[in-house]
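What follows is one structure encoded as structure tokens, with my remarks underneath.
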Amino acid sequence: MWNRTLLLASVLTIGVMTGCAARATYATGYVAAPPPAPRVEVYGVAPGPGFVWVQGFWNWGGGGYAWVPGYWARPPHRHARWAPGYWQRRHGGYYYHRGYWR
């Protein structure tokens, strides 16, 4: 019985993590209005060795754009590189592709 519960918990955890990773990579939806120009962020010195600046971006929500500020982050593994998000004009609207570690 215990093994069955552990197996079920593992499967559910993997499913949730996979779903979060997919949503973190690409935002879905259509936005008719173009995003404002990116803000210039002053981020200073890294808080420690190995930190990488993850730039801010314009997020669509609640009927308008809101700036999500950048932050310092540690890469998830030694050779990881941050691929910044970007807005793409497609089919008469705009779609945001969120940044991700590669």
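What's counted below: heavy atoms across the whole structure, side chains too, no hydrogens, waters or symmetry copies.
Looking only at side-chain heavy atoms (C-beta outward), Tyr71 and Pro69 stay at 4.5 Å or farther from each other.
Transitive grouping of hydrophobic side chains (ILVMFWY, heavy atoms separated by less than 4.5 Å) brings Trp60 and Trp67 into a common cluster. Residues Trp82 and Phe57 do not share a hydrophobic cluster, defined by chaining ILVMFWY side chains whose heavy atoms lie under 4.5 Å apart. Each of Trp101 and Trp53 belongs to its own hydrophobic cluster when Ile, Leu, Val, Met, Phe, Trp and Tyr are linked at side-chain heavy-atom distances under 4.5 angstrom. Under the 4.5 Å side-chain heavy-atom criterion for grouping Ile, Leu, Val, Met, Phe, Trp and Tyr, Tyr96 is connected to Val68 within one hydrophobic cluster.
A donor-acceptor pair under 3.5 Å is absent between the side-chain atoms of Gln55 and the main chain of Pro84, judged by distance alone.
Tested against Tyr95, the residues Tyr30, Tyr86, Trp87 include a single side chain to side chain contact (heavy atoms under 4.5 Å, CB included) partner, Tyr30.
Note: Phe51 and Trp72 fail the aromatic proximity criterion, with ring centroids not under 6.0 Å apart. When ring centroids are compared, Trp58 and Tyr94 stay outside the 6.0 Å threshold.
Between Ala80 and Pro76, the closest heavy-atom pair is CB-CD, 3.8 Å. Heavy-atom minimum distance, Ala83 versus Arg102: CB-NE, 3.7 Å.
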